[in-house]
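Nothing fancy with the numbering, it's 1 onward along the sequence.
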Amino acid sequence: MQDAYRTVAREGVHEIEISRSRFICALAPAATEEEAQAFVARVRKEHPTARHDCFAYVLGADGSVQKASDDGEPGGTAGVPMLQMLVRREMRYVVAVVTRYFGGIKLGAGGLIRAYGGVVGEALDVLGTVTRRRYRLATVTVDHQRAGKLENELRASGRTVREVSYGAGVTIGIGLPDSDVDAFRAWLADATAGTAVLELGDEAYGEA
């Protein structure tokens with residue numbers, strides 16, 4: 001698994017106009033191909049009179065799934081430059097749809113390539129990106145007496161506290177970088193006089 005990946009910070013839209021043609025780029029995070037295709041379909045419904053709705057998406061933390069569509073534009077002038085922009089910017093788990101309203105002036109292949117790739121790049125700049133790092137999900141179980149102090153110390157040290165639940169003991173869900181597990185285990189034993197129990201779970205990604 002990749003240790004980190006970059007994705008778009010939020011869903012949003014950015015528009016440019018070139019020679020009276022409108023290029024409207026809609027960007028969104030997407031975890032699966034189904035999510036990406038559903039977003040493409042949604043954008044198409046929002047622009048029923050548009051000439052083209054070209055798309056590109058990159059999925060997987062390692063960018064293993066990459067797809068693009070020119071949607072009627074000359075081959076290689078729309079979806080490919082959009083995809084190239086996403087890959088160049090090292091984006092993952094993201095889908096881009098560029099809707100074009102033709103303004104009556106032909107841009108030529110070079111003009112289309114610059115426009116489609118360019119509007120995706122501008123949209124990424126406007127909406128912003130975030131880096132997500134790989135974490136090991138873990139739970140710490142500790143007695144009620146020590147729980148409050150331990151939770152405060154975890155938060156103060158910048159660790160990701162995901163949830164806290166109370167039962168016979170107190171269970172605190174946290175996220176740990178893999179490289180931090182051994183050091184955390186030693187820290188936890190010291191902080192709780194060896195009374196806390198650490199259980200490691202699955203891996204996930206969270207914002208850096």
Side-chain angles (χ1 to χ4, degrees), residues 1-134 203-208:
M1 288 179 76
Q2 296 282 111
D3 282 335
Y5 68 85
R6 184 179 299 138
T7 191
V8 66
R10 60 187 173 88
E11 183 180 317
V13 177
H14 177 68
E15 179 177 343
I16 63 174
E17 186 174 314
I18 299 173
S19 299
R20 296 210 296 269
S21 275
R22 293 171 63 204
F23 292 85
I24 306 165
C25 179
L27 277 177
T32 63
E33 285 206 67
E34 290 76 17
E35 279 187 26
Q37 291 288 356
F39 182 71
V40 173
R42 196 178 95 206
V43 172
R44 280 196 172 124
K45 275 189 183 173
E46 291 170 1
H47 299 279
T49 63
R51 181 78 66 92
H52 307 282
D53 290 292
C54 308
F55 70 81
Y57 55 80
V58 181
L59 305 176
D62 56 356
S64 57
V65 178
Q66 301 182 11
K67 289 208 176 158
S69 166
D70 295 315
D71 193 36
E73 291 282 29
T77 63
V80 169
M82 291 169 62
L83 181 60
Q84 286 174 337
M85 181 60 71
L86 293 176
V87 171
R88 191 181 311 142
R89 299 285 287 269
E90 300 181 336
M91 300 301 295
R92 303 290 186 262
Y93 292 109
V94 63
V95 55
V97 184
V98 176
T99 301
R100 182 189 180 197
Y101 287 92
F102 184 53
I105 301 171
K106 291 189 175 180
L107 301 180
L112 289 172
I113 289 169
R114 286 189 296 275
Y116 277 101
V119 71
V120 172
E122 286 189 20
L124 289 170
D125 290 338
V126 169
L127 297 174
T129 62
V130 293
T131 298
R132 296 188 183 280
R133 298 202 179 279
R134 184 158 56 99
E203 290 180 325
Y205 286 91
E207 258 184 59

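- Looking at every heavy atom in both residues, A28 comes nearest to E11 through CB-CG, 3.8 Å.
- In terms of heavy atoms, I113 sits closest to G76 at CG1-O, 4.0 Å.
- Between H14 and L127 there is no side-chain heavy-atom pair separated by less than 4.5 Å.
- Residues A26 and V43 share a closest heavy-atom pair of CB-CG2, 3.9 Å.
- To the nearest 0.5 angstrom, Q84 atom CD is 10.0 Å from Q66 atom CD.
- Taken to the nearest 0.5 Å, the CD1 atom of I105 stands 11.5 Å off from the CD1 atom of I18.
- Judged by distance alone, the side chain of R6 and the main-chain N or O of T129 form no donor-acceptor pair under 3.5 Å.
- Within the structure, every pair that satisfies the side chain to side chain donor-acceptor pair (under 3.5 Å) test and touches residues 97-116, not counting sequence neighbours, is listed here: S21-R100, H47-Y101, D53-T99, E73-R100, E73-Y116.
- For the atom pair CG of L27 and CD of E122, the computed distance is 11.5 Å after rounding to the nearest 0.5 Å.
- Between A78 and D70, the closest heavy-atom pair is N-OD1, 3.2 Å.
- Atom CD of E34 sits about 9.5 Å away from atom CG of L59, to the nearest 0.5 Å.
- The distance from the CG atom of L83 to the CE atom of M91 is 12.5 Å, given to the nearest 0.5 Å.
- When every heavy atom of L86 is checked against every heavy atom of A56, the shortest pair comes out as CD1-O, 3.8 Å.
- The shortest heavy-atom contact between C25 and A123 is SG-CB, 3.7 Å.
- If you check the side chains of D71 and S69, you find no donor sitting under 3.5 Å from an acceptor.
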When you look at Y5 and V58, which way does the side-chain contact (heavy atoms from CB on, under 4.5 Å) test go after all the steps? CA-CA 11 Å; Y5 68 85; V58 181; over 6 Å; no
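- Put simply, CZ on R22 and CD on E15 are 4.0 Å apart, with the number rounded to the nearest 0.5 Å.
- Shown are R132, R134, R133; of these, the salt bridge (Lys or Arg N to Asp or Glu O under 4.0 Å) with E203 is made only by R134.
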Test E35 against Y93 for side-chain contact (heavy atoms from CB on, under 4.5 Å), laying out the working first. CA-CA 10 Å; E35 279 187 26; Y93 292 109; over 6 Å; no
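- Residues meeting the side chain to side chain donor-acceptor pair (under 3.5 Å) test with Y57, sequence neighbours left out: E33, Q37.
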